[in-house]
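Please read all numbers here as calculations on a predicted model, not as lab measurements.
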Amino acid sequence: MAAPREDRAAIIVVVSEAELVRAWVEGDDDAGRALFARHFDRLHRFFSSKIGHGIDDLVQETMLACVEGKGGLRRPEAFKTFLFGVARRRLYRKWRDEQRGSNAIDFGLTSVEDLGLSPSGVASQREEQQRLVEAMRRIPVELQIALELFYWEEMSASEIAEVLELPEGTVRSRLRRARSLLEDQLRSASLRASPGRDGEPPTPPG
Amino acid sequence: METLPEVSALLRRGPASGPADSQQALRRELVLDRVFAPAASESARIDRYRLLRHLGEGGMGSVWVAHDERLGREVAIKLLRGSANERTAARLVREAQALAALSHPNVVQVYGTGRSDGQVYIVMELIAGQSLATWLHQPRPWPRVLEVMIQVARGLAAAHEAGIVHRDLKPSNIVIDEDGRARLIDFGIARRDEDTTGEPPPTPAGSDPLPPGTPLTRTGTVVGTPSYMAPEQLRGEASPASDQFAFCVTLYEALYGARPFGGDDYEELIVAITSGPRPPPRPEADVPPWLHRVVARGLAIDPTQRWPSMTALAERLRPPSRRARAWPLGLVAGAILAASVGGARWLAGRDEDPCDSARDELASVWTPDRRQRLHLAAGDGPEPVAGALDDWASRWHQGHTRACHEAAEIGASASGTAELACLRDAASELGARLDALEQDTDPRWAMSFDPRALPDLERCARGGTGAEPGDPRARQLLARARGLRRAEAHARAEAMASQAIERAVAAGDEEGEAMGRLLRAELWLALERFDDVEPELLAAYERARELAEPELELDAALAMVRMLTMRDRFDEASTWMRHAEAAWERGERSPGARVDLLRRRALLHRDHGELDAAYDDAREALGVATELDDPALVPSIQAELAAIARKRGELPVALDHYRRALAAEEARLGPHHGAVGHVLTNLGATLRLTGELDEARAQQERALEILLGVYGEHHTSVADVHTNLGLVAFDQRDTPRARHHFERALEILADIHGGDGAKSAVVWANLGALEYLDGRLEASMRAGKRALAGMERDLGEGHPDTAPVLGNLGVLAFERGQLGEAMGYLGRARAVLEAAQGVDPMRFAEIDTNTGLVAFERGDLDRAREALRRGREVFAREQGPSHPRVATVSFDLCLVELEQRRYAAAAAECARAREVYATQPDPVGEANLVVAEARRAIAEGRRDEGLRGFHDAIAILDAELGPEHRELYDALVHHGRALLGAGRAREAGPVLARAHGIATQEQDDRHLLESGLYRARAQWEAGEREAALESFTAAAPLVSDDESFADAAAAWRARPRSAPPLPAELEAAPP
């Protein structure tokens, strides 16, 4: 008897990122891997503008914390908010651990530079960008994060509010304040004779 | 606010550090490894392989698990030691290449080899399993041991045939994977010298290899395992015979749990191997004597006294006890009683009827004893063979009783009439065939007894002789070969067919010869020996034409069609189909032949994507077959109907047909027949489409088991099941398992058909989707293109099967920002679907909505609208008007309409989106809707209402997105223009300045120009002439790029400084 020839198998149709998040939440590690691969650069950028070394470790800790706490992710669309919320908490915890003794750091007031940290991971060919980065490090961390999320990660005020665990209105006013502080910093930096270079902490203003 | 854009623009230009360099990519993979595979250690790299973890150290080097970045798969990689020497390195590479050329299910697949900084490495398949050494930690019964070692023997035989000697065979170099498949690993290629010269065992790790011919005793420590070495190998002569010796040491150890040669130290061991007594069987082990004899011969001191080859030895490992298994006499008595009722029917109720004694003719042939053996041999399934024989015997009995009484009435003797003679012949023919049956050892032989091919009793009733035309012996051999084919003992059927041909030629039975050739060609087809098939079929076809036997001609032509479709040679297949049709016209036009023709033609149509034509043929075939009441025909037609229904997306219909076909085939052929396997894999594929993944997987696994049993590993249908299993795994989001199955399918298909055809293309397409899921767009694109090329080569451009591949390529190109390319792929996908018949409408909808998005992105708004509308219509019809897809597409349409300033249409589209989104509020969407309504109000002269709308919408967007989000631009510009139109230039100024600020952040020249010019006008009309001229001067350099503003700008330029306000024309120049 002649066996019937096989039907040609079906062909898979590709899926979206929200689908990837869903798959990961449902326990698919490969989807998770693909998902975090997409967001790696983003996380890396987030930390590298604030700390000088151990960036990969923090990225990894953040991812692990996401994996452990993925039950807290309510909507797949809100994945980015979730991710940066975890990243921020990891960052703060690291700083608090390092600055033992001064248990309560107010990140709304303290800047990266105040913390005595000098990120070396950031290098720029463009002087203009270099200036920006240095200015950003001199404004309070929370404002720095708000600006980065708004401009670099294209998040809305309500999303940023979720990341920073602040009311939305507060975020909006802080964004305004951040911009004007940053402008001040840029202005005063351009007045200074020589901006700080890599590895050499910039002279404090005034 | 107005002072901020400088800072904002700086920020918008992005962070200082660029995106991932190659180092960053590596760091990313390492971090991901640690998050998702906590065991992985730090990483190193050889060429394109990233070392993931250390597997172990061997005599020849270290073995690692590595990730092949190009192919995206995990492999085993062996880094060979001592390969710094140029000559040695070159030889090692050469030998590894020889291994790579060898592909056998029981030999580890070597993918390739290479050198990196003088370091020679070999890349191999990664096997999840355990070594035989580990597997033997617990005692295994000898039949289990034999199952494994037969595979090892086959692998070793294949290596020897390829001219490769293993040289280091031992339990730790045999791996048994999770499916129980054994593979030989660690071929001893890292030796200093050629085959027959000095061959010391592997030396201690890190030390230099010994010079050739060094006696073992001089090394003092021995890392290798001399226990497995043949006497001549201990002297340095490695050969297939020494491999055989090592194999038998291993087999002995596996059977008896101890090595055959021992000794307290190394010297004693050498003495035992080279001159000691051969090991005896061990009484405590339950190993049969025949098996011990096989092992003992392989352990002979003199290589010439061993088995002539591993192939010969492997043959001997097939237990003679198969006969006992096939005919387990006297076992399971309870079951037999119940089963032999039918057989007893014609034995019961003897009386003194003179016709009775004649019945002994059959009674001595079809005995209850035989029936019982036959039944048991057929396994525990239904009993088609014994049942058919019972029926036949019953009809024989009735016919005989009637004929005998008729004979008595006319005064003839009980054996006198032609009919009775015919019946007597029929009984003895059956007897001869049952005798042949019992001499056979293969249990499946029992299934080969084709009940439809029993001697024809009706011919006896018509007074015929029962004899067939042609040479009786040749025909008998043919019948037997057909029986064997039915039992799927293809190789033996082939031998039998060859005998039949020989006999037919000798006896001058030309028809018999043609039939034999046809049969043999069909057998080769089943075995996928494609090269032999074509000339044999041509010969059969031509002989049939010479003999003017259209029936035979038809069969040969149909077999040719089948072969050609299997090889994806569809054009030639169509030509041969026309030959077949012509033969049918010339012949007896028998219904059976008609069914064969229709069935084959339906399949051909289906392959061409002509589903309506396929359906018509299959329906007609089913009608004829049902009338014929032939159980062999109906199931395969049902399977064809199912396949057509599946292609059309009618899954419940397909499932129903497949289930019926399955039940019928199981009843007819038993549960282990290949035909059952074929139906199962198709059923499984359909179940997958309905989302019943667990059941789909179970059916596929059953199919795989059956088809492996029937055809072995290297067969297209086995590859197809792997593909189907891969798809199920994909749906279950088990990416590694999916990848494993897809790669397995690709390997098999490449072996049989070459890697570039339509069959492999399907798998490449799926692998491409897998890469996409893993975020490897580049690799996904490559796989997709390879799939497309393969399909277009074999199926022709525009074949329906290319549509999903084109669609995927379109999405991929879109994701990579290649909009033109994306549009091209999607357009082709749609054209292909349009040309096909019976396409699932949802496939159109997917293509259309994707096309709409790409067109929108490219600014081709008319096309975007058209495509999106078409897609939405289908979604709404197929999935209901409140499906989320309807909402997203409606929203996209709303944006398209807004973009073209068709306000009423936009409002309607947004309203439709809003209806669906009623449960999920979307403020930005709402705001856009308000903007749309405001624009419409302005256009219709309801100015106050419009201005209020803009104000509200901007407030919403402000709150939702922040004051400078780019989404605000449109609302601001429209608001400003409306204010200008109302003569409120002083209010318009700041609004337009804000829009201009956003355009500055975005560095969008078009927006900069538009907002710049409107802002200039607002300033002019507010009496701020200097500021207006400044604004215009800033915008003017951009003007030349954009025709829509060119006239307005020219007018500005031509105007003297003291001229009246900006002409109104500017208002009428929207982008």
Side-chain angles (χ1 to χ4, degrees), chain A residues 1-15 20 23 26-38 40-41 44-45 48-49 56 59-60 63-64 67 121-124 126 128-133 147-148 150-152 156-158 168 172 175-176 179-180 182-183 186, chain B residues 3-4 7-8 10-17 19-20 24 27-28 31-32 34-36 486 522 562 565-566 603 632 636 639-640 643 646 674-675 678 681-682 685 689 716-717 720 723-724 727 730 733 735-736 762 765-766 769 772-775 801 804-805 807-808 811-812 846 960-962:
Chain A
M1 194 215 75
R5 208 175 67 79
E6 290 307 289
D7 299 327
R8 256 185 215 96
I11 289 169
I12 299 164
V13 174
V14 293
V15 293
L20 217 51
E26 282 162 18
D28 179 350
D29 265 6
D30 288 286
R33 194 188 166 103
L35 181 67
F36 283 101
R38 287 182 187 193
F40 180 87
D41 290 348
H44 202 272
R45 185 162 68 206
S48 67
S49 66
D56 284 359
V59 172
Q60 182 182 333
M63 288 183 177
L64 280 170
V67 170
V122 214
S124 172
R126 287 189 305 181
E128 180 191 56
Q129 291 294 340
Q130 186 65 38
R131 267 194 321 134
L132 174 69
V133 166
L147 280 183
E148 287 174 359
F150 186 80
Y151 286 99
W152 297 352
S156 69
S158 67
E168 199 179 317
R172 241 185 275 287
L175 271 174
R176 275 192 290 276
R179 268 188 298 265
S180 76
L182 187 63
E183 209 169 14
L186 282 168
Chain B
T3 55
L4 288 183
V7 176
S8 301
L10 198 55
L11 279 163
R12 289 246 180 231
R13 253 168 255 149
S17 57
Q24 175 129 336
R27 285 204 305 275
R28 180 183 67 213
V31 167
L32 288 169
R34 288 197 286 263
V35 173
F36 289 96
R486 223 177 107 75
E522 284 172 351
R562 176 149 179 265
T565 49
M566 282 170 82
L603 199 148
S636 62
E640 178 59 37
R646 198 177 86 184
H678 290 286
T681 188
N682 286 329
L689 293 179
T716 307
S717 48
D720 288 341
T723 306
N724 286 335
L727 285 164
F730 185 93
R733 308 205 175 281
T735 328
V762 172
N766 289 330
Y772 176 85
L773 187 71
D774 285 349
D801 285 359
V805 180
N808 282 354
V811 173
L812 273 170
E846 296 289 350
E960 206 50 46
L961 304 168

- Item | Residue part contacting chain B, namely of Leu147(A), when any heavy atom lies under 4.5 Å | side chain
- Item | Set of residues satisfying ring pair (Phe, Tyr, Trp, His ring centres under 6.0 Å) with respect to Phe36(A), sequence neighbours excluded | Trp24(A), Phe79(A), Phe36(B)
- Can you name the residues that form a side chain to side chain contact (heavy atoms under 4.5 Å, CB included) with Leu64(A), not counting sequence neighbours? Gln60(A), Val35(B)
- What part of Glu148(A) is in contact with chain B, defined as an atom under 4.5 angstrom from a non-hydrogen atom: side chain, backbone, both or neither? neither
- Looking only at Ala157(A), Ser158(A), Ala23(A), most heavy-atom pairs under 4.5 Å shared with chain B are made by Ala23(A)
- Atom of Met63(A), atom of Leu32(B) and distance for their closest heavy-atom approach: SD-CD2, 4.0 Å
